[in-house]
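Every chain is numbered from 1 and lettered A, B, ... according to where its sequence line falls, protein lines coming before strand lines. Worth knowing before you read on, the calculation uses all heavy atoms, side chains too, and leaves out hydrogens, waters and symmetry mates.
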Amino acid sequence: MPFPFSLSPLCANGACEMTDMQTLYTAFGGTIETALKALVTDGVLPEDASFKNVTLEPPRDPSHGDLATNAAMVLAKPAKTNPRALAEALVTKLEAAPGIASAAIAGPGFINLTLDPQVWLDELAAITALADDYGRSTMGKGTRVNVEYVSANPTGPMHMGHCRGAVVGDALSSLLELAGHKVTREYYINDAGGQVDTLARSAHLRYREALGEDIGEIPEGYYPGDYLKPIGEYLAQELGDKHKDTPEAEWLPYFRAEAVEKMMDLIKADLALLGIHHDVFASEAALHAAGKPDEAEKWLREQDLVYDGVLEAPKGKAPPEDWEPVELPLFRSTKFGDDQDRPIKKSDGKWTYFGADLAYHMQKAESADELIDIWGADHAGTVKRIKAAVAALSEGKGKPTPFDVKLVQMVQLMRGGEPVKMSKRSGNFITIADMIEEVGRDVVRFTMLTRKPEAQMEFDFAKVVEASKDNPVWYVQYAHARIQSTLRKALEDEGFSPSSDAIADLGDEEHALIKRAAQFPREVEAAAKAREPHRIAFYLYDLATDLNAFYSLGNTDTQKRFIVKQDARLSQSRLFLAAAIGQVLRNGLRVLGVEAVDRM
RNA sequence: GCGCCCUUAGCUCAGUUGGAUAGAGCACGGGAUUUCUAAUCCUGAGGCCGCAGGUUCGAAUCCUGCAGGGCGCGCCA
């Protein structure tokens with residue numbers, strides 16, 4: 001964790017009542033900062049020394065103690081001394097600090113800190129006291145983050161391509177909330193382009209079909225899916241044959257609105273199956289109606305960031321047959337690192353997708369301090385232009401809005417190692433609803449988060465339901481169920497319940513487990529900072545591993561079980577530990593939107 | 001031709017934003033159970049972190065070049 005160890009404003013003012021909101025790392029970061037400042041006073045470090053690159057992290061090797069800092073290595077140069085000499089001066093200060101049992105110099109100049117056991121016992125008690133709030137952080141300082149995800153076109157039900165982005169966006173939103181941000185979960189409905197006109201025409205076709213007409217094969221240029229049949233029937237019921245033979249202009253807007261609404265109902269139902277609920281559904285059509293794109297264009301023209309110009313034909317590959325140079329209003333995205341300026345309007349005068357999207361991002365920035373978009377990797381080519389647009393628009397407002405586009409790669413569906421063949425024509429097409437019905441919501445969600453989003457992944461229907469350590473979802477839930485089962489049994493058979501009265505008696509093996517659990521708040525902050533919810537999934541797997549390892553000690557030595565019949569004191573302390581581990585597992589799973597089951 | 005993403009054990013993947021001897025799972029070898037859920041645990045072997053330079057106390061991580069794989073490349077969305 002880099003300096004400065006920014007505590008919550010309350011703590012910074014010295015009136016720090018909220019020690020519970022501090023992580024172990026911010027607390028001991030403060031200890032190190034104090035020690036370094038003392039060295040400045042002593043003249044060992046120069047007045048202007050920057051602590052920016054000083055880190056405090058858990059060492060990989062447990063024999064290196066509980067915490068390690070690189071302070072001496074980073075500051076040796078400005079102090080005009082060698083790392084070891086500086087480390088010795090720092091160690092003297094640190095050993096006198098509260099909570100630190102010992103400090104040792106190691107390797108090229110690391111300082112390894114071993115903490116008083118009491119620190120871990122306090123942390124254990126804190127988990128229980130904070131319960132669902134353990135891991136919650138004030139890091140985000142309440143800044144407003146708008147996360148836009150899914151935003152599938154309202155032309156049909158959700159397909160697999162949307163699933164991963166949906167889960168990642170939702171988990172990221174929860175993660176940011178836990179890390180102290182105010183999050184808006186937003187969905188952008190593309191209800192204004194040519195696609196929804198096609199949808200309206202397809203609905204009209206089904207409407208005629210519902211009125212008894214033989215429409216034969218669905219012609220090219222229409223959406224063929226059966227999911228449009230109910231809409232045709234609904235419209236036939238509502239309208240009778242009123243628009244059976246009238247000109248398109250008379251029925252299209254109505255059919256479009258109705259069809260989009262029904263499509264959104266389908267999509268929302270799919271999202272609900274995944275446990276996903278957005279706060280805002282933003283309509284592109286409404287954006288146009290409000291004149292937002294015109295507003296953006298006007299402003300950008302004033303800044304000379306939009307001009308009328310002609311694009312060159314693409315180099316390197318043969319230009320399209322019907323290539324014709326046309327003058328269009330272009331956004332100067334090259335000024336922000338894009339390869340080409342981009343049209344915001346089409347030659348027919350209508351807005352391009354980009355033109356509207358640009359205005360949409362401007363609108364989002366009005367009520368958020370920061371924007372995040374989750375996109376499919378097939379849109380990678382358009383990242384630069386939208387980043388350019390946000391940079392242009394938010395700089396103009398005086399306050400640049402941080403903006404991040406997360407690209408989520410495709411998921412390859414497999415079954416027992418073989419790729420699942422999907423063909424829309426044959427109807428052999430797996431929807432999100434099918435997938436959830438087969439393996440369950442928890443499996444879908446967790447599995448989508450067991451790979452970093454920008455890497456392609458496989459989803460094997462056979463593997464994800466396996467009951468083994470090879471299957472992270474199962475393994476983490478198993479650890480939680482095991483804990484719950486133990487707590488139940490302790491109460492039923494022996495009348496033992498968790499108690500912190502004698503946790504000071506717990507030994508090294510228990511402490512190791514507490515140390516892992518104590519990493520959770522740090523993992524939350526690190527994952528939130530990196531915008532990487534998958535880190536929580538990996539952490540939970542590690543925590544489950546430690547729990548199972550500890551649990552297994554009891555197989556060969558009954559004195560090491562959670563429940564030791566002859567020793568109520570010890571049992572209740574261990575049960576207190578078990579309950580705390582269960583709490584951390586639940587808190588982590590909650591971020592991922594996965595249920596922590598009590599039995600399996 | 002250009003842009004973006006990826007390349008780590010035989011396979012599938014992590015890697016704490018630049019830290020110490022690069023870690024898990026599967027598969028392979030050896031072990032543990034009259035179990036509080038063995039659907040588990042312990043242990044062994046397995047590596048040119050794609051290749052070559054650079055930056056510095058220190059690089060899988062940052063920069064440059066090259067190779068291989070994926071995605072995209074006029075007004076679609």
Quick one: is [X] getting a side-chain N or O under 4.0 Å of the [N] phosphate, OP1 or OP2?
X	N	result
A/Arg482	B/U37	no
A/His162	B/A77	no
A/Lys77	B/C57	yes
A/Lys387	B/G3	no
A/Ser485	B/U37	yes
A/Tyr475	B/C41	yes

Nucleotide of [options] approaching [X] most closely (side-chain heavy atoms):
X	options	result
A/Thr382	B/A77, B/C75, B/C5	B/A77
A/Leu328	B/C36, B/C75, B/G3	B/C75
A/Arg522	B/U17, B/U40, B/A20	B/U17
A/Pro343	B/A14, B/G15, B/C75	B/C75
A/Ala549	B/C42, B/A77, B/C4	B/C42
A/Lys489	B/U17, B/U37, B/A77	B/U37
A/Ile563	B/G19, B/C36, B/G15	B/C36
A/Ala68	B/A39, B/A20, B/A24	B/A20
A/Glu57	B/U37, B/C41, B/G19	B/G19
A/Phe562	B/C42, B/A77, B/C36	B/C36

With a 4.0 Å cut-off on heavy atoms, is [X] in touch with a base, just the backbone sugar-phosphate, or nothing at all?
X	value
A/Asn190	sugar-phosphate
A/Ala106	base
A/Met410	nothing
A/Thr486	base
A/Arg451	sugar-phosphate
A/Tyr541	sugar-phosphate
A/Asn555	base
A/Ala377	sugar-phosphate
A/Glu284	nothing
A/Ser347	base
A/Ala578	nothing
A/Lys452	sugar-phosphate
A/Val326	base
A/Ser468	sugar-phosphate

*Ignoring hydrogens and angles, answer whether the base of B/U16 and the side-chain atoms of A/Arg60 contain a donor-acceptor pair closer than 3.5 Å.*
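Counting by modelled atom types and ignoring angles, a donor-acceptor contact under 3.5 Å is found here.
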*Establish whether the base of B/A20 is bridged to the side chain of A/Asn112 by a donor-acceptor pair shorter than 3.5 Å.*
yes
*Nearest-angstrom distance, C1' atom, B/A67 to B/G50*: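 That atom pair is separated by 8 Å.
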*P atoms of B/A24 and B/G46, separation to the nearest Å*: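 So the two P atoms sit 14 Å from each other.
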Spacing of [X] atom [atom1] relative to [N] atom [atom2], expressed in whole Å:
X	N	atom1	atom2	value
A/Asp470	B/U12	CG	C1'	8 Å
A/Gln477	B/A39	CD	P	17 Å
A/Lys469	B/A24	NZ	P	9 Å
A/Phe550	B/C36	CZ	P	15 Å
A/Arg385	B/C2	CZ	C1'	14 Å
A/Gln456	B/C13	CD	P	9 Å
A/Glu509	B/C41	CD	P	16 Å
A/Glu532	B/U61	CD	C1'	13 Å

What does [N] pair with, Watson-Crick or G-U, if both distances are under 3.5 Å?
N	value
B/G47	none
B/G19	B/C57
B/U40	B/A32
B/G68	B/C6
B/C11	B/G25

Tell me whether [X] is stacked on the nucleobase of [N], counting only the six-membered base ring and applying the 5.5 Å and 30° thresholds.
X	N	value
A/Tyr478	B/U37	no
A/Phe538	B/A14	no
A/His379	B/G72	no

_A cation-pi test, strictly: NZ or CZ of A/Arg201 under 6.0 Å from the centre of the six-membered ring of A/Tyr222 and no more than 45 degrees from its axis. Yes or no?_
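No, cation not above the ring by the 6.0 Å, 45° rule.
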*Within 45° of the six-membered ring axis of A/Phe331 and under 6.0 Å from that ring's centre, is NZ or CZ of A/Arg342 located there?*
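Negative - A/Arg342 is either too far from the ring of A/Phe331 or too far off its axis.
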*By nearest nucleotide on RNA chain B, pick out whichever of A/Thr556 and A/Asp339 is the more 5' one.*
A/Asp339
*Starting at the 5' end of RNA chain B, which residue's closest nucleotide do you reach first, A/Ala192 or A/Leu67?*
A/Leu67
_Before you tell me yes or no, could you show the steps for A/Met448 and A/Phe459 under side-chain contact (heavy atoms from CB on, under 4.5 Å), namely the whole-Å CA-CA distance, both residues' side-chain angles and the distance that decides it to 0.1 Å?_
CA-CA 8 Å; A/Met448 292 293 168; A/Phe459 183 98; 4.0 Å; yes
Strictly below 4.0 Å, N to O, side chains only: are [X] and [Y] in salt-bridge contact?
X	Y	result
A/Glu510	A/Lys560	no
A/Asp373	A/Lys406	no
A/Asp460	A/Arg415	no
A/Arg535	A/Glu532	yes

*Where the side chain of A/Asn471 meets the backbone of A/Glu466, is there a donor-acceptor pair that is under 3.5 Å apart?*
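Checked: pair present.
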*Between the side chain of A/His534 and the main-chain N/O of A/Leu449, is any donor-acceptor distance below 3.5 Å?*
no
_Is the shortest side-chain heavy-atom distance between A/Gln519 and A/Pro58 below 4.5 Å?_
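Yes, at least one pair of side-chain atoms sits under 4.5 Å.
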_Glycosidic conformation of B/U8, taking syn as within 90° of 0 and anti otherwise_ = anti
